[in-house]
Amino acid sequence: MNDHKEGSTMATELTMERLFSILRECAGEEEVAGGAEEVAETEFSALGYDSLALLETTARVSREYGVEIPEEDLADVKTPAAFVAAVNTRLSAA
């Protein structure tokens with residue numbers, strides 16, 4: 001169930017729920033046990049997401065939200081909460 005469609009009006013903020021929805025679509029992973037907010041501070045690697053999944057997710061978020069996310073901005077991003085914060089910082093500056 002995806003309420004944010006590609007090509008629709010650009011969203012102003014990436015939510016944790018949307019991030020996990022995109023991660024599942026890109027990596028084919030199952031629903032996060034306990035919900036997105038509960039694992040927000042868990043490292044991507046512990047959640048089963050590798051660097052390729054994160055690159056695909058970054059590209060998808062860039063397209064959907066109309067914001068450029070330089071790879072160096074995400075070099076030290078290890079958790080979903082840090083990813084959402086980095087993207088939302090870019091969105092607020094746009």
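Heavy-atom basis, side chains included; hydrogens, waters and symmetry copies ignored.
Going from atom CD1 of Ile69 over to atom CG of Leu14 covers 8.0 Å, rounded to the nearest 0.5 Å. The structure places CG of Leu23 at 4.0 Å from OG1 of Thr57, a figure rounded to the nearest 0.5 Å. Annotation: the span from Tyr49 atom OH to Phe20 atom CZ amounts to 6.0 Å, rounded to 0.5 Å. Interatomic distance, Leu74 CG to Leu54 CG, rounded to the nearest 0.5 Å: 8.5 Å. Residue Leu19 holds its CG atom at 9.5 Å from CZ of Arg24, rounded to the nearest 0.5 Å. A distance of 11.0 Å separates CZ of Arg63 from OG1 of Thr58, quoted to the nearest 0.5 Å.
Ala81 and Met16 make their closest contact through CA-CE, 3.7 Å (heavy atoms, listed as atom of the first residue, atom of the second, distance). Among all heavy-atom pairs drawn from Glu41 and Thr79, the shortest one is O-CG2, 3.4 Å. For Phe83 against Val77, the heavy-atom pair with the smallest separation is N-CG1, 3.3 Å. In terms of heavy atoms, Ala27 sits closest to Ala53 at CB-CB, 3.8 Å.
Residue Glu71 places its CD atom among 12 or fewer non-hydrogen atoms of other residues, nucleotides or ligands, all under 6.0 Å distant. More than 12 heavy atoms of other residues, nucleotides or ligands sit less than 6.0 Å from atom CG of Asp50.
Not a single side-chain contact (heavy atoms from CB on, under 4.5 Å) links Thr89 to another residue, sequence neighbours left out.
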- [ ] Check step by step if side chain to side chain contact (heavy atoms under 4.5 Å, CB included) holds for Thr12 and Leu91.
- [x] CA-CA 6 Å; Thr12 58; Leu91 285 169; over 6 Å; no
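Using modelled atom types and a 3.5 Å distance limit, the side chains of Arg18 and Ser21 yield a donor-acceptor pair.
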